[in-house]
Amino acid sequence: TAPAAQFMAPPVVNQETSWDCALPFDRTAAHHSQHSERETASQLLHRLTIGPSDDKVSFGQMLDALGERGFGLLLMLFAIPNLLPFPGVPGVSFVTGMAILFISVQLILAKDEPAFPDWVSRKSFSRAQLSKFIVKTNPLLRWLEKPIRPRLSPVVVGVGERMIGVVGVIHALTLALPIPMGNLPQAVALILLALALIELDGLMAILGYIASIAAVIWLALVVLGLG
C-alpha cells in the first residue's frame, strides 16, 4: 500500500485572501508611481530642445507638448510684465490684458489646451533658438515649481478650472484699464493661479483666490481715492 502522503491533496492557497492583503500596497505603489511619472513643465520644455539644432519647432508643437500646462505657462508669461512699471511703453497692460482674456475664456470653455489662430500656431523657431530661450528661462521655472505639487485637485479641475478662468477674465479687464498702481497685485494673483494650473495645485489656487480678492479690494480703494 502506497503511503497516505502520496494521496494527500496539495494545500489550497486562499487566493482571494492573498489578493485582498496585497491591495493596499499595490494601490499605494500605483498612487506614488502616477505622481512620480508626471513630468514637470520644465522637463517638458527641456524635451523640446532634444534633436537636430536646425530642426523647426512651431508654436503649435510647443502647445501640443505642454498640453493643459500651456494655460498656466501662458497666463504666467503675460502676467509677469505687469509686475514691473514700463515708463514710456504705453499699452503694455492693455495688450497683456487682452491676451489673458483670450486664454481665460478658453479655460471657461473647458478647452483641453490653448488654441490660437493657424497663423500663430504655424510660427516656428529653429531648435537652436528655442534651446537658447529654454536654457535661460528653465532655471526660473524650476525655482517656481519647487513649492507646487499636485494636491487638492478638485480646486483646479473641472469647475475649479473654469472658476480660475472667470477670475482671469476679471483681472484681464481691469488690467486693460488705466488704473495707477493697480497692476502689481493683480499680476501676483494671476501668477499664483498660473502655478496652480501648471501642476494642479489646489492649495496654490486657494492662495491665488485670496490674492485676487486682496487685489480687487486694493483697486477699489485706489479708484475711490482718485475719486
Side-chain angles (χ1 to χ4, degrees), residues 24-47 62-80 82-83 96-97 99-115 137-175 183-219:
F25 173 79
D26 291 342
R27 284 174 178 167
T28 303
H31 177 76
H32 288 299
S33 174
Q34 179 182 1
H35 288 299
S36 62
E37 291 174 1
R38 179 180 170 87
E39 288 184 293
T40 63
S42 58
Q43 290 171 336
L44 288 171
L45 286 173
H46 176 72
R47 280 204 288 114
M62 291 177 60
L63 292 179
D64 287 341
L66 290 169
E68 81 281 358
R69 285 183 177 90
F71 286 112
L73 285 172
L74 288 172
L75 275 179
M76 187 184 302
L77 177 67
F78 292 115
I80 285 175
N82 293 285
L83 289 173
T96 55
I100 291 169
L101 177 65
F102 182 73
I103 297 163
S104 298
V105 168
Q106 293 187 56
L107 280 172
I108 295 172
L109 296 176
K111 297 290 185 181
D112 292 332
E113 61 185 52
T137 57
N138 250 7
L140 174 61
L141 183 56
R142 284 196 296 269
W143 181 77
L144 290 171
E145 287 173 339
K146 286 181 180 179
I148 59 176
R149 64 180 184 273
R151 54 188 164 184
L152 302 177
S153 58
V155 181
V156 286
V157 174
V159 176
E161 186 179 60
R162 293 182 179 90
M163 283 300 300
I164 292 178
V166 171
V167 174
V169 167
I170 294 171
H171 286 306
L173 295 175
T174 51
L175 279 172
N183 291 0
L184 176 61
Q186 296 188 91
V188 171
L190 285 168
I191 288 172
L192 290 173
L193 293 173
L195 289 170
L197 287 172
I198 289 172
E199 288 300 332
L200 302 181
D201 190 337
L203 178 59
M204 193 63 67
I206 293 170
L207 295 176
Y209 287 134
I210 294 172
S212 294
I213 294 170
V216 170
I217 293 173
W218 170 255
L219 287 176

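For the numbers below, each heavy atom of this structure counts, side chains included, while hydrogens, waters and symmetry mates do not.
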(request) Go through the steps for Asn183 and Thr96 under the test side-chain contact (heavy atoms from CB on, under 4.5 Å), then give the verdict. (result) CA-CA 11 Å; Asn183 291 0; Thr96 55; over 6 Å; no
(request) Would you give the length of the straight line joining atom CG of Leu107 to atom CE of Met163, rounded to the nearest 0.5 angstrom? (result) 12.0 Å
(message) Nearest 0.5 Å, please: how far is CE in Met62 from CG in Asp64?
(response) 11.0 Å
(request) Considering non-hydrogen atoms only, spot the tightest contact between Ala79 and Ile191 and give its length. (result) CB-CG1, 3.9 Å
(request) Answer yes if the side chains of Glu199 and Thr40 hold a donor-acceptor pair under 3.5 Å, and no otherwise. (result) no
(message) Minimum heavy-atom separation for Ile100 and Ala172, please, with both atom names.
(response) CG2-CB, 3.9 Å
(message) In the structure I gave you, are the side-chain heavy atoms of Glu113 and Leu66 within less than 4.5 Å of one another anywhere?
(response) no
(request) Drop me the distance from Leu63's CG to Phe71's CZ, to the nearest 0.5 angstrom. (result) 9.0 Å
(request) Indicate yes or no: at least one non-hydrogen side-chain atom of Leu75 is less than 4.5 angstrom from one of Leu193. (result) no
(message) On a heavy-atom basis, which atom in Gly67 and which in Pro114 lie closest, and how many Å separate them?
(response) O-CD, 3.7 Å
(request) Kindly give the heavy-atom pair with the smallest separation between Ala196 and Ala205, and that separation in Å. (result) CB-N, 3.5 Å
(request) Could you grab the distance from atom CG of Asn82 to atom NE2 of His171, nearest 0.5 Å is fine? (result) 11.5 Å
(request) Report the C-alpha distance between Leu197 and Ile164 in whole Å, list the side-chain angles of each, state the deciding distance to 0.1 Å, and finish with yes or no for side-chain contact (heavy atoms from CB on, under 4.5 Å). (result) CA-CA 9 Å; Leu197 287 172; Ile164 292 178; 3.8 Å; yes
(request) Please tell me if the side chains of Asp201 and Leu195 come closer than 4.5 Å, counting only heavy atoms from C-beta onward. (result) no
(request) Indicate yes or no: at least one non-hydrogen side-chain atom of Leu141 is less than 4.5 angstrom from one of Leu73. (result) yes
(message) Does anything in residues 155-168 form a salt bridge (Lys or Arg N to Asp or Glu O under 4.0 Å)? List the pairs, not counting sequence neighbours.
(response) none
(message) To the closest 0.5 Å, what do you measure between CG (Leu144) and CG (Leu192)?
(response) 10.0 Å
(message) Looking at every non-hydrogen atom in both residues, tell me the closest pair between Arg142 and Ser42 and how far apart they are.
(response) CG-OG, 3.4 Å
(request) Determine whether Ile148 and Leu200 make a side-chain contact, defined as any pair of heavy atoms from C-beta on separated by less than 4.5 Å. (result) no
(request) Return the minimal non-hydrogen interatomic distance between Gly160 and Tyr209, and the atom names on each side. (result) O-OH, 3.5 Å
(message) Once rounded to the nearest 0.5 Å, what's the spacing between atom CG of Leu173 and atom OG of Ser104?
(response) 9.0 Å
(message) So Ile198 and Met76, do their side chains get closer than 4.5 Å, heavy atoms only?
(response) yes
(message) Taking the side chain as everything from C-beta on, heavy atoms only, tell me whether Ile206 gets closer than 4.5 Å to Leu152.
(response) yes
(request) Just do the side-chain contact (heavy atoms from CB on, under 4.5 Å) check on Glu68 and Asp112 with the steps written out, would you? (result) CA-CA 6 Å; Glu68 81 281 358; Asp112 292 332; over 6 Å; no
(message) I want to check something: taking the side chain as every heavy atom from C-beta on, are Trp218 and Gln186 in contact at a cut-off of under 4.5 Å?
(response) no
